[in-house]
> 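Starting off with a structure, shown below.
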Amino acid sequence: MIVVDKMLSELVLLKEGVDIWFNNGAGNIYAMTNEDKLFYTNNLTVSCNIYGLGVFENTSTTGTCTLFHIARNSIVNIGFQSMLTNPTSACVYAYGLNGNYIESKGHTMTGRPLDPDGNTYLLDADAVNLIASGNDTVLYPDNPLDTYFYIRNALMTNDSDIYGTLYLQSSSNNIYDF
């Protein structure tokens, strides 16, 4: 287990079996450029935990970046105080040929909180606030396969007069289990 006592400013490759604990007041804040990933699995299957009260933030207002970029058959548990990114970027993005299990528990996710793409996913979010700022959506499963969301204790809001908080687009018979 790695223990973090300060604020980082770096991209972090998640490793199999290596857990990270963020103490109160610690986290990872980075000005990401297009397609950067704050925490990522590098297209590998990874099982790990990010614990504690971390603050994870993308300070750039442009580009399509991701705070947690999780690939194929990974199991990632994320504990956090807050996640903040720009309106076109995802806090948690799941992708790949095979499914993922991602569990997040914390306070506030701002940006496009949950965005899976690819195969079958289980995204389990227990957050106080899920906020999509600008003309965007909180849940964005724009994929051709099954996606399962378990959302608890959440106030879901967005600033859009055009889009709703849930955007479900599919080319097949998806199961969206909320």
Side-chain angles (χ1 to χ4, degrees), residues 1-42 44-71 74-95 100-116 121-134 136-140 149-159 165:
M1 177 180 288
I2 298 168
V3 178
V4 180
D5 284 324
K6 64 179 185 171
M7 201 57 72
L8 303 175
S9 183
E10 60 188 71
L11 304 178
V12 177
L13 175 61
L14 299 175
K15 299 282 189 171
E16 172 65 28
V18 177
D19 297 338
I20 305 172
W21 175 272
F22 286 90
N23 284 327
N24 193 18
N28 196 357
I29 297 178
Y30 192 83
M32 294 192 278
T33 58
N34 198 32
E35 300 194 17
D36 273 346
K37 302 151 187 76
L38 194 62
F39 295 89
Y40 63 102
T41 59
N42 204 26
L44 299 173
T45 299
V46 173
S47 179
C48 68
N49 302 292
I50 290 87
Y51 293 122
L53 297 170
V55 174
F56 309 120
E57 184 175 340
N58 168 21
T59 58
S60 173
T61 58
T62 61
T64 304
C65 308
T66 309
L67 296 180
F68 288 87
H69 199 258
I70 312 300
S74 291
I75 300 172
V76 179
N77 297 299
I78 306 166
F80 61 94
Q81 179 60 32
S82 67
M83 293 189 202
L84 174 63
T85 188
N86 66 52
T88 59
S89 299
C91 290
V92 177
Y93 179 76
Y95 75 99
N100 295 285
Y101 174 76
I102 300 169
E103 181 175 6
S104 64
K105 184 171 184 173
H107 193 275
T108 303
M109 299 172 81
T110 303
R112 178 183 283 170
L114 303 171
D115 189 354
Y121 300 102
L122 172 59
L123 298 176
D124 184 342
D126 188 350
V128 175
N129 293 307
L130 297 173
I131 304 166
S133 54
D136 218 327
T137 53
V138 173
L139 302 177
Y140 194 85
F149 287 111
Y150 290 94
I151 310 294
R152 295 180 308 281
N153 304 321
L155 171 64
M156 296 192 300
T157 60
N158 69 358
D159 300 330
T165 54

> What is the distance from atom CG of Asn28 to atom CD of Glu57, rounded to the nearest 0.5 Å?
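It is 10.5 Å, given to the nearest 0.5 Å.
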> Quick one: do Phe56 and Phe68 satisfy ring pair (Phe, Tyr, Trp, His ring centres under 6.0 Å)? Show the steps, please.
CA-CA 9 Å; Phe56 309 120; Phe68 288 87; 5.4 Å; yes
> Does Met32 reach the side chain of Thr59, with side-chain heavy atoms less than 4.5 Å apart?
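The answer is no; the side chains never approach within 4.5 Å.
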> A side-chain contact here means heavy atoms from C-beta on lying under 4.5 Å apart; do Thr85 and Cys91 qualify?
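They are in side-chain contact.
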> Any side-chain to backbone donor/acceptor pair from Thr66 onto Lys37? Under 3.5 Å, distance only.
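No: the side chain of Thr66 does not pair with the backbone of Lys37.
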> Rounded to the nearest 0.5 Å, how far apart are OG of Ser47 and CG of Asn77?
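Between atom OG of Ser47 and atom CG of Asn77 there are 7.5 Å.
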> For Val46, is there any backbone N or O sitting under 3.5 Å from a side-chain donor or acceptor partner on Ser74?
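Yes: the side chain of Ser74 pairs with the backbone of Val46.
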> Look up atom OG1 in Thr108 and atom CG in Leu84, then write down how far apart they are to the nearest 0.5 Å.
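Reported to 0.5 Å precision, the distance equals 9.5 Å.
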> Any non-hydrogen side-chain atom of Phe80 less than 4.5 Å from a side-chain atom of Leu53?
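Side chain of Phe80 against side chain of Leu53, heavy atoms only: no contact under 4.5 Å found.
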> Are Asn49 and Tyr51 close enough that a side-chain donor and a side-chain acceptor fall under 3.5 Å?
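Result is yes, a qualifying pair exists.
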> Kindly compute the distance separating CZ (Phe22) from CG (Asp5), expressed to the nearest 0.5 Å.
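So the gap between those two atoms works out to 10.5 Å.
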> How far does CD1 of Ile20 sit from CD1 of Ile78, to the nearest 0.5 angstrom?
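It is 10.5 Å, given to the nearest 0.5 Å.
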> Would you check if the side chain of Asp19 reaches a backbone N or O of Ile50 as a donor-acceptor pair within less than 3.5 Å?
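Flag not set: sc Asp19 to bb Ile50 has no pair under 3.5 Å.
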> Check whether any side-chain heavy atom of Val12 lies under 4.5 Å from a side-chain heavy atom of Tyr40, and answer yes or no.
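Sidechains of Tyr40 and Val12: no contact.
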> Work out which heavy atom in Gly25 is nearest to a heavy atom in Met7; give both atom names and the distance.
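Of all heavy-atom pairs spanning Gly25 and Met7, the closest is O-CE, 3.6 Å.
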> With rounding to the nearest 0.5 angstrom, report the SG to CD distance, Cys65 to Glu35.
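Spacing of SG (Cys65) from CD (Glu35) equals 8.5 Å.
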> Could you walk me through whether Cys48 and Leu14 pass the side-chain contact (heavy atoms from CB on, under 4.5 Å) test, one step at a time?
CA-CA 8 Å; Cys48 68; Leu14 299 175; 4.1 Å; yes
> Examine distances only and state if a side-chain atom of Asn58 and a backbone atom of Ser60 form a donor-acceptor pair shorter than 3.5 Å.
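Pair found, side chain donor or acceptor close to backbone of Ser60.
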> Is there a donor-acceptor contact under 3.5 Å from the side chain of Thr41 to the main chain of Ala71?
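A pair under 3.5 Å: yes.
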> Checking the side chain of Asn23 only, and the main-chain atoms of Ala26 only, is there a donor and an acceptor separated by less than 3.5 Å?
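It does not hold such a pair.
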> Can you name the nearest heavy-atom pair linking Tyr30 to Glu10, along with the distance?
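What the structure gives for the nearest pair is CD1-N, 3.5 Å.
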